[in-house]
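Keep in mind that the numbers below use all heavy atoms, side chains included, and drop hydrogens, waters and symmetry copies. Letters A, B, ... are given to chains in the order of the sequence lines, protein chains preceding strands, and every chain is numbered from 1.
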Amino acid sequence: MSARAARGGFLTRVGAMIVKEFIQLRRDRVTFATMIMIPLLQLILFGYAINTTPRNLPTAVFTHENNEVSRAILAALRNTAFFAFVREVKSAEDAEHMIRSGEVLFFVEIPAGFERSLRRGETPQLLVAADATDPVGSANALAALAGVVNSALVRERFVDAPGSAAFEIVQHRRYNPAGTSQLNIVPGLLGTILTMTMLIFTALSVTREIERGTMESLLSMPIHPVEIMLGKITPYVLVGILQALLIMGAGMILFGVPLEGSAILLAVATLLFIVVNLSIGYTFSTLAQNQLQAVQMSFMFFLPSILLSGFMFPFSGMPLWAQWIGEGLPLTHYLRMVRGILLKGSGFSDLTTDAGALVVLMLVAMAIAVARFRQTLD
Amino acid sequence: MSTAAAPVLDPDVVIEVEGLSKSFGGHRVVDNLTMRVRRGQIYGFLGPNGSGKTTTIRMLCGLLTPDAGRGTCLGMDILTESRTIREHVGYMTQRFSLYQDLSVRENLEFVARLYGVPQPEAAASAALQRLGLEGRGKQLAGALSGGWKQRLALGACILPGPDLLLLDEPTAGVDPQARREFWEQIHDLAAEGLTVLVSTHYMDEAERCHEIAYIAYGKLLAQGTVQSVIAAAGLTTVTVEVKGEAGQEAGRIARDLARDLSQRAGVDMVAPFGTALHISGRDGAALEAALAPFRSDERLAFRADAPTLEDVFIDLMRRSKDELR
Ligand SMILES: Nc1ncnc2c1ncn2[C@@H]1O[C@H](COP(=O)(O)OP(=O)(O)O)[C@@H](O)[C@H]1O
Ligand SMILES: [Mg+2]
């Protein structure tokens with residue numbers, strides 16, 4: 001009926017939508033600043049302030065002998081920065097008193113004949129008493145102790161090889177011998193920050209158009225729900241990539257987070273995770289009646305993500321029902337992947353299950369979003 | 001709808017709907033509405049606030065699904081082909097619904113791209129020029145005044161070259177000068193062959209339409225040219241002027257007379273205009289009988305008058321309200 005011959009295709013309309021969203025994003029300075037500030041702020045807060053491995057914990061030492069071995073052990077302990085040697089004590093009672101009064105948190109006793117026993121391979125005991133009222137702080141320091149002492153003794157050639165039971169508190173911790181919490185927290189933050197920002201910003205996108213009245217115009221124009229969704233999601237993919245780069249960059253520079261595995265694999269996993277969260281946020285956007293509801297839904301999703309994904313608490317330590325919920329959360333799978341790639345050097349074959357789970361979650365969310373998208377104002 | 005005819009495939013009929021109904025929460029907002037709009041017409045859609053104008057327009061362009069009824073828009077079924085209808089219809093919403101945080105030009109380019117207009121930038125430039133908005137291309141749409149917003153919204157509607165315009169109260173809250181220019185533009189567009197359905201609650205705008213429909217409480221009460229609607233109402237109207245008295249006294253007399261007359265059989269409507277009264281009745285003889293006792297009062301001057309569109313609409317509304325009771 002119309003004289004108009006050339007009608008635009010799918011890509012033209014999605015492109016128009018993307019351009020529009022980008023302009024709006026750019027104009028909304030506060031939102032844009034938030035997206036950049038949230039990752040940095042969180043990283044610094046979690047990385048420095050909320051430190052589950054406190055440093056310079058006051059420690060008393062009681063050495064029965066002064067020789068190479070005891071000096072090496074004390075030097076190694078000092079080097080971990082967990083322990084700050086406040087005082088050398090002359091008796092076990094003094095040390096007990098100092099712990100009880102709270103003057104020190106740790107008490108290290110190197111017993112008489114430790115060196116000789118060690119050289120004879122008699123597995124002597126290194127005594128450590130800890131004030132465990134703050135279990136998190138002491139547990140980490142204690143856990144680090146064994147590894148540190150052992151490697152110091154190996155280095156000084158008092159002991160043959162790492163892992164041989166030369167003395168009693170030997171523990172073998174791989175990936176993070178000093179128990180540096182940032183190494184674990186940075187990948188975790190990468191996941192939680194992406195979850196939060198990606199969810200909320202897309203969750204608002206459709207409800208905002210409805211509240212501002214622009215949805216009526218948009219719906220009266222020839223554009224399909226899938227095109228609207230893709231157009232709204234794409235700009236945020238770039239924002240997500242920017243955030244991920246920021247977090248990874250800061251994590252490497254400030255906290256020395258390693259990248260043991262493939263950078264490309266990390267990028268692919270992160271991209272997939274970003275798209276999953278955007279799809280879920282967009283689904284919320286089509287379900288919510290207004291922007292407030294959309295934000296509430298995002299938080300309802302965000303909280304279990306933090307608590308049950310293995311970010312806060314070790315996943316395998318949770319009850320089975322909680323683990324089942326956790327398996328349904330994208331963050332759980334992403335954390336496994338990103339910790340694996342960053343800290344363990346995992347390859348693609350190690351990650352297929354989690355990648356598959358993310359793909360399934362993404363498809364489910366997108367299907368709900370397109371099905372739920374109201375094409376009319378009814 | 002037992003005698004529902006096959007859709008008329010007259011290429012000159014642009015909108016043809018029959019028995020459209022829509023309820024919200026059990027409340028009938030549009031009730032069994034039937035209408036027909038011909039190509040190149042400016043069709044005025046009049047009615048008080050809340051009468052169902054917006055709801056009807058939304059059903060025409062597929063934004064709302066009718067509960068009952070059927071119809072075609074540009075020869076396409078409004079129930080099954082609303083996606084295709086959207087490509088050929090420009091819909092200007094009652095509330096400004098372009099993006100306030102996009103500039104004037106960005107809004108126009110967005111619309112051009114969604115409709116697949118070739119060279120969207122050029123199309124936007126052309127539209128800016130046509131709208132007299134050249135200097136304001138970079139301004140945010142949200143920062144425009146009411147009149148300019150309305151101009152921009154209309155410009156965005158006609159940019160993709162639609163065959164039908166649906167304009168929902170486009171002149172609400174716009175100053176008289178801008179209103180006049182707006183109507184000139186509408187007439188130019190109609191002269192080029194565009195069909196325009198425009199809703200309004202300004203009576204004077206009805207006179208600018210080729211045909212009008214009047215809707216109240218969701219029911220279409222009258223349809224046709226302004227003259228035919230007035231004639232069909234069959235109202236007899238008499239104007240009574242109070243003479244030779246001081247303003248205040250004249251006002252008092254007019255008020256007493258109005259109160260007295262409105263009680264009488266045969267008088268259906270009394271509307272004061274300063275010191276004059278506009279008195280209408282459906283039955284000319286009964287109206288005359290009611291007025292007869294006052295004819296001798298020399299303070300009053302009687303004059304036979306033609307009913308205005310407003311008289312007709314108010315009468316129609318009252319009658320339909322009575323029927324609802
Ligand atoms: N989406 C909706 N939900 C519930 N009620 C509605 C909705 N849209 C319109 N209405 C009601 O329907 C009636 C007619 O509205 P509308 O079509 O907007 O009238 P008009 O445009 O003539 O002012 C009003 O009473 C309004 O409150
Ligand atoms: Mg309305």
Asks: Taking the six-membered ring of B:Tyr115, is the NZ or CZ of A:Arg13 close enough (under 6.0 Å from the centre) and on axis enough (within 45°)?
Replies: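 Judged by the rule, A:Arg13 and B:Tyr115 form no cation-pi pair.
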
Asks: For B:Leu140, which atoms come within 4.5 Å of any heavy atom of chain A: side chain, backbone, both, or neither?
Replies: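 Only the side chain of B:Leu140 comes within 4.5 Å of chain A.
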
Asks: Given the options B:Gln100, B:Lys22, B:Arg86, which has more heavy-atom pairs under 4.5 Å with chain A than any of the others?
Replies: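 Highest number of pairs under 4.5 Å: B:Arg86.
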
Asks: Going by atom types alone, do A:Glu21 and A:Tyr236 pair a side-chain donor with an acceptor below 3.5 Å?
Replies: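 Judged by distance alone, the side chains do not pair up.
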
Asks: Can you see whether A:Thr270 engages A:Tyr334 through a side-chain donor-acceptor pair at a distance of less than 3.5 angstrom?
Replies: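 Yes - a donor-acceptor pair under 3.5 Å links their side chains.
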
Asks: For each of A:Leu218, A:Thr12, A:Asp28, tally heavy-atom pairs with chain B at distances under 4.5 Å, and name the one with the top tally.
Replies: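 Most heavy-atom pairs within the cutoff with chain B belong to A:Leu218.
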
Asks: Which residue out of A:His224, A:Met17, A:Met221 racks up the most heavy-atom pairs below 4.5 Å with chain B?
Replies: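 Ranked by heavy-atom pairs under 4.5 Å with chain B, first place is A:Met221.
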
Asks: Just checking, any donor-acceptor pair under 3.5 angstrom between side chains of B:Ser125 and B:Arg105?
Replies: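 The criterion, which ignores hydrogens and geometry beyond distance, is satisfied for B:Arg105 and B:Ser125.
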
Asks: Tell me, for A:Met215 versus chain B, whether the close heavy atoms (under 4.5 Å) come from the side chain, the backbone, both or neither.
Replies: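 Nothing of A:Met215, per the 4.5 Å heavy-atom cut-off to chain B.
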
Asks: Do A:Thr207 and A:Gln289 meet the criterion of a side-chain donor-acceptor pair at a distance under 3.5 Å?
Replies: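 Checked: A:Thr207/A:Gln289 side chains show no N/O donor-acceptor pair below 3.5 Å.
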
Asks: Taking every non-hydrogen pair under 4.5 Å, which of A:Glu216, A:Glu227, A:Arg212 racks up the most with chain B?
Replies: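 Ranked by contacts with chain B, first place is A:Glu216.
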
